[in-house]
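In what follows, a structure is listed as structure tokens, so that the remarks can point back to it.
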Protein chains: 2
Amino acid sequence: MDRKELFEKKPKIKINDKISWCPTSAAMELIGGKWKSVILTHLISGTKRYNELRKEIPGITERTLSLQLKQLEEDGFVVRKVFTKKPPLRVEYTLTEFGFTLSPILNSIVEWGLMAAETKGEFIFEE
Amino acid sequence: MDRKELFEKKPKIKINDKISWCPTSAAMELIGGKWKSVILTHLISGTKRYNELRKEIPGITERTLSLQLKQLEEDGFVVRKVFTKKPPLRVEYTLTEFGFTLSPILNSIVEWGLMAAETKGEFIFEE
DNA sequence: ATTTATACTATCATTTTTATAGTGGCAAAA
DNA sequence: TTTTGCCACTATAAAAATGATAGTATAAAT
């Protein structure tokens, strides 16, 4: 079936047991929310430890970071690897191949954010 | 200042009085959430009335649709026009020029949703 | 006279996100 | 030796976002 036919028949979409009414909401069920795309963008540039993410994403709380990573793992975007048995732990998060398929979305979001800041907003530099 | 320099200085970004730490979260402050991108995608194909949107987006509740449209209007993505003074009202929502700058994001989300449904999920057709 | 249509709002319940503080065990600093 | 900090979280409670359901005013259709 081609895209045009698909579009007309408006099938529901099931991904990871979440059912949605259109491709956009299917995507948003998985990567919507305030922080998921931010986390994923930071993982595009390479594997990161929990604390690295925390420092690179100052606005997020630890609990939320933890929960979002868990969901991203469940949905197959991220792999979690533990390298020690006793504290201090070392845990690394890496994008999966499926996770990388999000790059076009994530890149267009970054580009838009920069453009919007330039034209409708402002950059705030600190000393 | 070029993109590379910008990237290194990591300025905060202020758009519509919301302050964020990176372009991605700046974008998400404006179009994150479960429904905004769905609504915007439906408006790309043209002006829609409230009830048209409601019917085209079956999962959303009226309250949420109403609230989201109000925020999208506040943030300059959408214009609301009222055509009657007494009920039954006729209200139309149209994407602004600024709203249309989101097309690359919205298109890549639709494309990804279709791809993910094909490869990791399934389409559910009804009789 | 009753029903239907429109674009909402009100109220309350549930879910998601945030804020803040705390945990265990190890290493380095004082 | 005592203290301090590090790491990857978890516990608890509060706030914000979203959902469910019902109701409003008026006109046109049945």
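Numbers restart at 1 for each chain; the letters A, B, ... are given by sequence-line order, proteins then strands.
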Quickly work out the A/Phe83 CZ to D/dC7 P distance and round it to whole Å.
16 Å
Of the nucleotides C/dA7, D/dC9, C/dT6, which has the atom closest to the B/Glu62 side chain?
C/dA7
Basic-acidic side-chain contact under 4.0 Å: B/Glu74, B/Lys36
no
Could you check how far CG of A/Leu67 sits from P of D/dA16, rounded to whole Å?
19 Å
Mind checking if A/Tyr93 touches a base, just sugar-phosphate, or nothing, with heavy atoms under 4.0 Å?
sugar-phosphate
Measuring from the side chain of B/Tyr50 (C-beta onward, heavy atoms only), which nucleotide among C/dC8, D/dG19, C/dT18 has the closest atom?
C/dC8
Is A/Lys81 salt-bridged to A/Glu92, cutoff N-O under 4.0 Å?
no
Out of D/dC7, C/dT6, D/dC9, whichever nucleotide has its closest atom nearest the side chain of B/Pro88:
C/dT6
Selection from D/dA8, C/dA7, C/dT18 that lies nearest to any side-chain heavy atom of A/Arg49:
D/dA8
Ignoring backbone atoms, establish whether A/Thr64 has a side-chain N or O less than 4.0 Å from OP1 or OP2 of C/dT17.
no
Judged by atom type as modelled, is there a donor-acceptor pair below 3.5 Å linking the side chain of A/Tyr93 to the main-chain atoms of A/Glu73?
no
B/Leu89 has an atom CG; how far is it from atom P of D/dA25, in whole Å?
13 Å
Using a 4.0 Å heavy-atom cut-off across all strands, classify B/Lys85 as base, sugar-phosphate, or nothing.
nothing
Mind checking if B/Lys48 touches a base, just sugar-phosphate, or nothing, with heavy atoms under 4.0 Å?
nothing
Centroid-to-centroid, B/Phe98 to A/Trp112, below 6.0 Å?
yes
Which part of the nucleic acid does B/Glu52 contact within heavy-atom distance under 4.0 Å: base, sugar-phosphate only, or nothing?
nothing
Whole-Å distance between D/dA17 C1' and A/Met28 CE?
16 Å
For B/Leu69 and C/dT6, what is the distance between atoms CG and P respectively, to the nearest whole Å?
16 Å
Nearest to the side chain of A/Trp35, which nucleotide is it out of D/dA8, C/dT17, C/dA7?
C/dT17
I need the CD-C1' distance between A/Glu29 and C/dT15, as an integer number of Å.
12 Å
Check B/Glu111 with A/Arg3, please: is the shortest side-chain N to carboxylate O separation under 4.0 Å?
yes
Side chains of B/Ile39 and B/Ile60, heavy atoms from C-beta outward: is any pair under 4.5 Å?
yes
Atom CD1 of A/Ile60 and atom C1' of C/dT17: how far apart are they, to the nearest Å?
10 Å
Please determine if a side-chain N or O atom of B/Gln68 lies less than 4.0 Å away from the OP1 or OP2 oxygen of D/dA17.
no
Distance below 4.0 Å between A/Arg80 side-chain N/O and D/dC9 OP1 or OP2:
yes
Heavy atoms under 4.0 Å, any strand shown: does B/Lys36 hit a base, just sugar-phosphate, or nothing?
nothing
Nucleotide nearest B/Arg63 when distance is taken to its side chain, options C/dA7, C/dT11, D/dT10
C/dT11
B/Leu65 CG to C/dA7 P: how many Å, rounded?
10 Å
Closer than 4.0 Å, any side-chain N/O of A/Thr61 to the OP1 or OP2 of C/dT20?
no
On the nucleotide D/dG19, are OP1 or OP2 found under 4.0 Å from the side-chain N or O atoms that B/Lys34 carries?
yes
Sorted by position of nearest nucleotide on DNA chain D, 5' first, the leading residue of A/Lys70 and B/Gly59 is A/Lys70
